[in-house]
2 protein chains.
Amino acid sequence: MLRIMQALDGTDTRLLSAMAKDPRGTVVALAQKLGLSRNTVQARMAQLEKKHAFLSFERRINPAALGYPLLAFISVHVQQQKLGQLAVELAGIPEILEGHGLTGSADLLLRVVALDAEDLFRINGKILGCDGVERTDTALAMQEMIPYRMQPLLKKSGG
Amino acid sequence: MLRIMQALDGTDTRLLSAMAKDPRGTVVALAQKLGLSRNTVQARMAQLEKKHAFLSFERRINPAALGYPLLAFISVHVQQQKLGQLAVELAGIPEILEGHGLTGSADLLLRVVALDAEDLFRINGKILGCDGVERTDTALAMQEMIPYRMQPLLKKSGG
DNA sequence: CGCCCGACAGGGCATAATGCTCAGAATCCA
DNA sequence: TGGATTCTGAGCATTATGCCCTGTCGGGCG
């Protein structure tokens, strides 16, 4: 699996980079920008799709635009035997956007959005109310010091 | 700012949801699915763009497909007066995808990808080498217990 | 070395989509 | 009620798409 995933070459990464710069760009425009034939871009995009190079569109939706300006990372300490069922229960809380099971001091790290501080307190309460949750630590994101980016990695991993 | 951000109505959220379901869908197809005119969908999409409802395409790129299967969250404890310049220096490390300044026990939370454990160790070393970094705590993401999702929130916040 | 296969380029065709305009209808608000 | 805003549907010129096809080139294998 690890080796299979490394099947993107320099043209793939250039294509991804070009798509990142112009998400609404047509295949024709992309082909022009990249100095490739339209056919090639089409074939490459189909290949990228096949190789799961694209994650969900949902990641592009700005929670703040939906009225959820607060972002917090909640570390959750759980009773180990209840981890599986807990994930299902937590998934029932809409404001939890993402949750990773971790090594280290916390068992779960949740990416959570909220309307305001009060709402965040409410959500934390809901999380604490889930069976198997022992404790939570809430850290409010005050500033996006490094906004999400992939271009440097595209450059680094390209051929 | 908080109130301005709440300017999406039920049609907007339905449109976002439909786009999330079919990211490659044409305006014509979306309009059909939503029972709206093509013109309306176009106008709405332009409005969404204006309201910063769309984050970067980069968020859709799967690091694993680039050969970076390991995901880790690195908490960084810093010397406060050096936070600003540190962010700039950290931004020079391509494997850091995102970094938030936090309240709570850590000052910065970094989302980091790596080739393998050894690479992660190397990256952590680079982070530790940055001026102003006192300490780091690395937590490896073992499993995506709740995969990134926005649909529940779209449903909740829609009109 | 020669052959085969995959990738790429460029041409092409029928169809669909886009960007934009416009007029009329419907809805909302003061 | 009247005015403003939003939505609808029609329409036009242009562009893009999905797919097919042929030819070339480079790499791998026997």
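What you see below is based on every heavy atom in this structure, not just the backbone, and it leaves out hydrogens, waters and symmetry mates. Sequence lines set the chain letters: A, B, ... in the order given, protein chains first and strands last, and positions in each chain run from 1.
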Enquirer: Output the rounded distance in Å from CG (A/Asp12) to P (C/dA7).
Expert: 11 Å
Enquirer: Is the number of heavy atoms from other residues, nucleotides or ligands within 6.0 Å of CZ (A/Phe121) greater than 12?
Expert: no
Enquirer: Look at the side chain of B/Asn39 and decide which nucleotide, out of D/dT6, C/dC8, C/dT21, has an atom nearest to it.
Expert: C/dT21
Enquirer: By the 4.0 Å heavy-atom rule, please label B/Thr26 as base, sugar-phosphate, or nothing.
Expert: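 Sugar-phosphate only.
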Enquirer: Just so I know, are the side chains of A/Phe54 and A/Met19 near enough to count as touching, which here means a heavy-atom distance under 4.5 Å?
Expert: yes
Enquirer: Taking only side-chain N and O atoms of B/Gln42, does any of them lie within less than 4.0 angstrom of OP1 or OP2 on C/dG19?
Expert: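 True: B/Gln42 side-chain N/O within range (under 4.0 Å) of C/dG19 OP1/OP2.
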Enquirer: Can you tell me the distance, in whole Å, between the CZ atom of B/Arg44 and the C1' atom of D/dT8?
Expert: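 My rounded result for the distance is 13 Å.
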Enquirer: Taking atom P of D/dC7 as reference, at what distance in whole Å does atom CE of B/Met45 sit?
Expert: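 Roughly 15 Å, once rounded to whole Å.
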Enquirer: Return whichever of A/Gly35 or B/Val28 has its heavy-atom-nearest nucleotide of DNA chain C closer to the 5' end.
Expert: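 It is A/Gly35 whose nearest nucleotide is closer to the 5' end.
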Enquirer: Would you please classify the geometry between the B/His100 ring and the A/Phe73 ring as parallel, tilted or perpendicular, with 30° and 60° separating the classes?
Expert: tilted
Enquirer: Answer yes or no: does a side-chain N or O of A/Thr40 lie under 4.0 Å from OP1 or OP2 of C/dA9?
Expert: yes
Enquirer: When the distance from CG of A/Leu34 to C1' of C/dA7 is rounded to whole Å, what number comes out?
Expert: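 It is 16 Å, rounded to the nearest whole Å.
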Enquirer: Rounding to an integer number of Å, can you tell me how far A/Leu15 CG sits from C/dA7 P?
Expert: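 Distance check: A/Leu15 CG to C/dA7 P gives 15 Å.
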Enquirer: By nearest heavy atom, map A/Arg38 and A/Ala29 onto DNA chain D; which one lands nearer the 5' end?
Expert: A/Ala29
Enquirer: Of the nucleotides D/dT17, D/dT8, C/dT18, which one has an atom closest to the side chain of B/Leu36?
Expert: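 Closest nucleotide to the B/Leu36 side chain: D/dT8.
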Enquirer: Would you kindly give the CD-to-C1' distance between A/Gln32 and C/dA9, to the nearest whole Å?
Expert: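 In whole Å, C/dA9 C1' and A/Gln32 CD are 15 Å from each other.
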Enquirer: Would you find a donor on one side and an acceptor on the other, under 3.5 Å apart, between the side chain of A/Arg111 and the backbone of B/Tyr148?
Expert: no
Enquirer: Round to the nearest Å and state the distance from B/Leu48 atom CG to D/dT6 atom P.
Expert: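 From B/Leu48 CG to D/dT6 P: 14 Å.
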Enquirer: Taking CZ from B/Arg14 and C1' from D/dC7, how many angstroms apart are they, rounded to a whole number?
Expert: 13 Å
Enquirer: Looking only at non-hydrogen atoms, find the nearest pair between B/Leu90 and B/Ile96 and report the distance.
Expert: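 Answer, listing the atom of B/Leu90 first, then B/Ile96: O-CD1, 3.6 Å.
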